[in-house]
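Proteins get letters first, then strands, A, B, ... in listed order; numbering begins at 1 in each.
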Amino acid sequence: MSKTASHHPALQHYFDDLKQQHGAATMGMWAFLAQEIMFFGGLFAGYTVYRYKYFNAFVEGSNLLPIAWGGLNTVILIASSFTVAMAVRCAQQGLHRSVFNWFMATMVLGLGFLGVKAIEYSHKYHDHLIPGLNFQWDGPMAGPMKIFFSFYFVMTGMHALHMIIGVGLMLWLIPKIRAEKFGPQYYSPIENFGLYWHFVDIVWIFLFPLLYLIGRHL
Amino acid sequence: MTTTETPASPASAGHGEVNYLNHEYGIKSWLLTLDHKRIGILYLITTTMFFALGGLFAGLIRLELMTPEGDLFQADTYNKLFTMHGVAMIFFFLIPSVPAVLGNFVLPLMIGAKDVAFPRLNLLSWYCYITGGTLASFAIVAGGVDTGWTFYTPYSSTYSTGFVSVALMGVFINGFSSILTGVNFLTTVHKMRAPGMTWFRLPLFIWAHYATSLMMILGTPVVAITLLLVALENMFGLGIFNPELGGDPILMQHLFWFYSHPAVYIMIVPGFGVISEVIACFSRKAIFGYSFVAFSSLAIALLGFLVWGHHMFTTGQSIYAGMVFSFITFFIAVPTAVKIFNWTATMYRGSIDLKSPLMYALGFIGLFLIGGLTGTFLSTLAMDIHLHDTYFVVSHFHYVMVGGMVMAYLSGLHFWWPKMMGRMYNEAWAMTGAVLIFLGFNLTFFPQFVLGYLGMPRRYHVYPEEFQILHVASTGGATVLGLGYMVLFVCLVWSLFKGAKAGPNPWTAKGLEWEIESPPTPHNFHETPIVTSEPYAYEEEDVLLADKGSH
Ligand code: HEM
Ligand SMILES: [Cu+2]
């Protein structure tokens, strides 16, 4: 029993057994996520300062963002959290085929999110709202408006970049899933990918209200 | 599985002596290595190159300051010189020095592990460092950066010249090298300790690196995003830090120091770890108050996140905020002092063996003490209004960073050199280097305290004539200091070719890294060690010897 475990092909030589390796991978991932929280934290801190300072401009800017698209993307990401969680579960149970299917579903949802984002960005382009590219605002508070849109683009841009990296990771993992490398004994790459994906989802859960819903009333 | 060779056969130490240096040859075996020891060596070589580059800039700065007039360089050139000096030294030498060179090499050995938890990430971290370093060097060659190492807006945005965004991207990418090292060390310490290596048996070097990893993981990403915002501001005029659009340049300083104060501790706490090892070994005593020293590292790491405002007393931040920052800054001197007291208490009645590593460690204690105490001058609100942005500050941070961290790094380098290279250096020359460095350092930087106190501002190349004598003294000191580094360099390189074989434990030191061959085999340990004794069990052994003698 334990003999086969210690000879698992995925076991790296510098670990004693798969349990230790799994523990290390999980811990490393959480440490990395802590890093990510601080990274986005810097942006959220800056956002908070200016939202407090220029609340009216932020309301006005926020009202220019399409709730429908943002809402759709929120639904998409929550759905993808579900699919990725299922993928992890299936990997733990050794259901290779299902892992693959859930991964494909996650991938489609992720790409869908990015597609919607691309549509939104192109609208911003037409409306001359992209700082550094074609920002134009003739009304009052032009400066703070520009700052709002700067935050909008940096925050959603960083988030989208994380989504793209996530899709890249899936492309890297899918051949391994096909080759049935993961199973009840060894599934940490899938699980860690799941953690990463959930993290990126959670960031969006914060971004959506903070950017799209300021001062809106039903 | 496929690549793992069983370490059983080369183990038989007698014939051939397979070690991590000679088991593979060729540039590729180095550039693609996953071995923590080789990665440590890669860092050693590359950080030394940046140290030389930064040193060159420093030499030019000191040369210009020989005379009150700006005769050697234009003001613009001078701005570029001190900026590039700071960037090279802080981001590309001092931050990676102890953790990435010594930490990479000995941390896994000390806890009885075959490697760090993520060897691939470890190599990636070196590539981040190299990529960042290349970009920064390109910025230097292409036109220079003149913002100061702090990249304050609007110097780095509205009024930027040269290649500020390129340099910013370089520092940004380099940040990930720190982060990855932090993630790696944190996980390695948690998960890879040998059986019996409990938390309170960890050498203090490990505790120090544990605390450092926390700061690297939690602080570095904040400066990364800040510098990214500055770069975007610079390239696209976002307005976030631009007052013309309602942005706030002070916010940039807050975000910057939120990282960069912890970063100054990233630049000293690993050094504390080295000093603990060296003092214990060369006093033949266990560290006095082990757990105090261990926890003071953690305390420093946590408090370090709460004091950034002491860099901004003069920026018009709220006076109440200033008072709180001032208070916490005083408070952080307490865990620092705990360490100093404990090291001196360790040496008290120890059997001192004054070898070059200890020489550097003693230099560290004295110089760091001065640096830390002048830090408390600066934390005093009213004093800082007078001293801020003067040479007093310059001298303060050189006492802690060069007098502190560089001395600690050199102490550790001399201590573990025999382990890393398998050779002994010439002790007399090493001592000469240490003494020259100590004297040269003081001659360079002590006059700067006086200069600053008298009102000489930092970052100017023209100054009133009455300051000249102190500046000349400082430049003279810098020459001696430079000479000291040369001696040290030649002495260490010489040892690689002519040094006597070191043997596993030339200092009869305690710790798992001394129980294996020098240089270690590729997989470090032939079999996983089992730890049964407390750390720094120097006295036990000596008592045993004494017992034997009396029978
Ligand atoms: C007892 C510990 C320390 C205290 C109380 C302290 C306090 C201070 C204060 C108040 C300042 C701001 C001075 C000003 O700009 O007006 C300062 C600047 C500085 N300190 Fe410290 N410090 C301590 C230790 C350290 C250590 C360990 C390091 C690095 C290894 C360090 C590096 C620096 C640097 C680099 C600056 C100047 C940054 C710049 O403006 O370029 N300090 N310190
Ligand atoms: Cu500070």
| field | Contact winner vs chain B - Phe32(A), Tyr54(A), Tyr50(A), heavy-atom pairs under 4.5 Å | value | Tyr50(A)
| note | Max heavy-atom pairs within cutoff under 4.5 Å with chain B, candidates Pro131(A), Gly23(A), Gly42(A), goes to Gly23(A)
| Flag, side chain of Ser150(A) to backbone of Ile240(B), donor-acceptor distance under 3.5 Å | no
| Donor-acceptor contact present, side-chain Lys191(B) to main-chain Gly28(A), <3.5 Å | no
Can you check whether [X] reaches [Y] side chain to side chain, under 4.5 Å on heavy atoms?
X         : Y         : answer
Tyr14(A)  : His523(B) : no
Lys53(A)  : Asp248(B) : yes
Phe40(A)  : Ile225(B) : no
Met158(A) : Leu228(B) : yes
Met216(B) : Gln35(A)  : no

Let me confirm one number: the [atom1]-[atom2] distance from [X] to [Y], rounded to the nearest 0.5 Å.
X         : Y         : atom1 : atom2 : answer
Trp30(A)  : Ile217(B) : CH2   : CD1   : 14.0 Å
Phe39(A)  : Thr226(B) : CZ    : OG1   : 9.5 Å
Lys114(B) : Asp16(A)  : NZ    : CG    : 5.0 Å
Phe15(A)  : Asp115(B) : CZ    : CG    : 9.0 Å
Met145(A) : Leu245(B) : CE    : CG    : 13.0 Å

| Contact leader toward chain A among Ala117(B), Ala113(B), Gly239(B), where contacts are heavy-atom pairs under 4.5 Å | Ala117(B)
| query | Of the listed residues (Pro119(B), Gly237(B), Pro108(B)), which shares the most heavy-atom pairs with chain A below a 4.5 Å separation? | reply | Pro119(B)
Is it the side chain or the backbone of [X] that comes within 4.5 Å of chain A heavy atoms, both, or neither?
X         : answer
Thr528(B) : side chain
Val116(B) : backbone
Phe185(B) : neither
Tyr259(B) : neither
Leu229(B) : side chain

| message | Does Ile147(A) form a side-chain contact (heavy atoms from CB on, under 4.5 Å) with Asn242(B)? I'd like the steps, not just the answer. | response | CA-CA 9 Å; Ile147(A) 291 180; Asn242(B) 182 357; over 6 Å; no
| request: Take atom CH2 of Trp172(A) as the centre, draw a 6.0 Å sphere, and report whether it contains more than 12 heavy atoms from other residues, nucleotides or ligands. | output: no
| Any chance NZ of Lys117(A) has more than 12 other-residue heavy atoms, nucleotides or ligands included, within less than 6.0 Å? | yes
Give me the atom names and distance for the closest heavy-atom approach of [X] to [Y].
X         : Y         : result
Lys146(A) : Leu238(B) : CG-O, 3.7 Å
Ala34(A)  : Leu218(B) : CB-CD2, 4.2 Å
Leu186(B) : Ala31(A)  : CD2-CB, 3.8 Å
Gln20(A)  : Met192(B) : NE2-CA, 3.7 Å
Leu251(B) : Gly46(A)  : CD2-CA, 4.0 Å

| said: Need one label for Phe153(A): side chain, backbone, both or neither, based on atoms under 4.5 Å from any heavy atom in chain B. | reply: neither
